[in-house]
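Below is one structure, written out as structure tokens, with a few remarks after it.
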Amino acid sequence: MQSPIRNRKYATEITPDNDGETVCIAGWVHEKRDLGGVFFLIVRDLSGFAQVTLNRKKTEKDLFARVKKVPRESVVAIEGKVKSESKAPNGYEIIPERMEVLSEASQVLPLDTTEKVGAELDTRLDARFMDLRIERTKQIFIIRSRVLKAIREFLDERGFIEINTPKIVSAATEGGTALFPISYFEREAFLNQSPQLYKQMLMASGFDRVYEIAPIFRAEEHDTTKHLNEATSVDIEVAFVSDKEVMAILEELIAFVYAKVRGYPGLAKLNLNLEVPKIPFRRITYEEAIEAVSEAGEEIEWGEDLGTSAERTLGAMIGELYFITDWPCAIKPFYAQPADAEAKSKDRDTCNAFDLMHPRVELASGSQRVHSYELLKRNIESKGLSADSFEFYLDTFRFGMPPHAGWGLGIDRLLMSMLEIENIREVVLFPRDRRRLAP
RNA sequence: GCCCGGGUGGUGUAGCGGCCUAUCAUUGAGCCCUGUCGAGGCUCGGACUCGGGUUCAAAUCCCGACCUGGGCGCCA
């Protein structure tokens with residue numbers, strides 16, 4: 001055929017009603033079943049599978065021989081007649097007239113795309129391009145795309161402006177996590193750990209509501225199923241509101257995303273009963289959280305951060321998405337707004353910060369922000385950081401900065417928790433961790 | 001970074017001092033078979049991570065390196 005992919009049809013676009021029509025399909029050779037007199041070639045494309053049937057007596061000899069020997073996972077284009085056939089998988093089969101091998105696959109394959117024999121995650125990630133040909137893996141990333149679309153749809157409808165902030169930054173860090181140094185510049189430069197400072201600076205622009213969906217970089221030497229050195233976060237920042245309003249946006253967004261994913265037919269491939277969480281989510285204070293964990297036998301002092309096992313204990317007790325609020329200032333960043341004197345319980349220094357928790361993993365954290373220049377400067381210094389290196393950030397607070405609040409949500413974690421996937425690497429195309437820089 | 005597991009054909013595994021010329025499945029090559037959809041049957045090919053040590057004897061025990069799974073810390 002002169003143009004092997006002329007009028008290409010997807011496998012699921014063809015139905016028994018097309019009986020007698022000539023069609024062209026293109027895709028990968030998924031399986032071959034040789035029964036002697038009859039030969040089945042299963043071609044896989046984005047939509048699904050099509051069965052190509054050859055009869056030794058009826059099919060032209062050369063074509064029969066070529067189809068028989070095309071290696072699995074080769075890319076082929078096949079032109080033939082649709083035949084309605086109740087014995088065929090989709091109710092139809094294709095009687096081929098021509099086959100073009102567009103790319104012949106080498107043998108043997110690094111993975112089994114028919115899923116007869118499983119493969120470990122590490123093996124799958126080494127051959128990710130082929131792993132993505134497996135139905136389940138493919139659906140995870142289609143769902144990921146839909147999640148991202150849903151987030152944009154939700155935020156766009158609410159008047160948010162999508163922004164892009166720099167990923168190459170100077171020394172200033174929010175503290176906590178370590179940064180990746182970059183050697184190109186003639187002074188210190190790093191990959192950004194989050195868009196935090198930049199999205200806050202934009203609050204002084206009058207944009208009022210901004211969001212960014214972008215990579216974040218953490219140079220942590222952690223080695224777990226829920227950490228990566230490069231992750232994707234959705235960050236929002238909203239002017240003239242407090243933590244309460246952005247918490248409401250967050251829970252509505254989560255419910256919206258779940259609802260969108262729930263309606264997606266490909267979800268069936270993941271064998272999952274996805275329920276849209278009810279809003280509002282439960283809210284417990286930090287104080288209630290440490291009390292509950294302590295009662296369960298794991299003593300936590302006020303002011304200590306919640307460790308992995310504490311998170312799990314809480315998750316098991318609550319069993320659904322929940323917020324932890326009113327954190328001690330000491331374990332939240334300098335930009336978290338301290339609670340008003342009258343709102344404080346027992347004279348403890350708490351701030352208007354919150355974490356959104358899934359029973360298995362922390363998903364998001366946010367807060368009302370400090371918008372007073374003097375307080376922010378004091379906070380930075382009291383955390384042992386240098387106000388000088390934050391000048392570019394602090395300056396924006398001197399010329400008219402509205403009160404504001406925001407949060408950052410880990411997309412990868414949202415996806416893994418929603419889809420009940422154990423390892424975060426499964427929901428990232430090419431995950432980056434301590435050991436993996438390729439592919 | 002710390003603490004526990006584990007590295008056996010392409011893939012997933014069994015074996016854990018001599019019975020290993022290493023099991024099984026799948027894949028690959030070939031043959032038989034006209035309705036498969038995890039097709040079936042037969043034949044063949046293909047592996048003990050690397051280096052050192054213990055022992056008459058090492059896939060098997062010990063040490064080191066590398067890779068890897070999990071837990072913790074830290075974090076989103």
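For the numbers below, each heavy atom of this structure counts, side chains included, while hydrogens, waters and symmetry mates do not. In the text below, chain A, chain B and the rest are named by the order of the sequence lines, each starting its count at 1. The model shown is predicted, which means the values in this text are computed figures rather than measured ones.
When each of B:U34, B:C74, B:U36 is scored by its nearest atom to the side-chain atoms of A:Gln51, the top-ranked nucleotide is B:U36. With distances taken from any side-chain atom of A:Ala88 to the nucleotides B:G70, B:U36, B:A76, the minimum falls on B:U36. Closest to the side chain of A:Lys116, from the set B:U26, B:G35, B:C33, is B:U26. Nearest to the side-chain atoms of A:Thr308 among the listed nucleotides B:U36, B:G73, B:A76 stands B:G73.
Counting only residues at least two apart or on different chains, the side chain to side chain donor-acceptor pair (under 3.5 Å) pairs with a member in residues 425-439 of chain A are A:Asp122-A:Arg436, A:Arg124-A:Glu426, A:Asp126-A:Arg436, A:Asp223-A:Arg435, A:Asn423-A:Arg425, A:Arg425-A:Asp433.
Searching all strands for a Watson-Crick or G-U wobble partner of B:C72 with both distances below 3.5 Å returns B:G1.
Look at A:Arg413 and you won't find any side-chain N or O under 4.0 angstrom from OP1 or OP2 of B:A76. A close approach under 4.0 Å does not occur between any side-chain nitrogen or oxygen of A:Arg72 and OP1 or OP2 of B:A29. For the pair A:Arg33 and B:C33, the criterion of a side-chain N or O lying under 4.0 Å from OP1 or OP2 is not met. Taking side-chain N and O atoms only, A:Arg435 has no distance below 4.0 Å to OP1 or OP2 of B:C67.
Of the residues in residues 60-69 of chain A, not one comes within less than 4.0 Å of RNA chain B through any heavy atom. Within residues 123-147 of chain A, the residues approached by RNA chain B to less than 4.0 Å at the level of any non-hydrogen atom are A:Thr123, in residue-number order.
Residues A:Tyr10 and A:Ser47 come closest through the heavy atom pair CB-OG, 3.5 Å.
Contact of A:Gln107 with B:U27 (side chain to base): no donor-acceptor pair of N or O atoms is detected under 3.5 Å.
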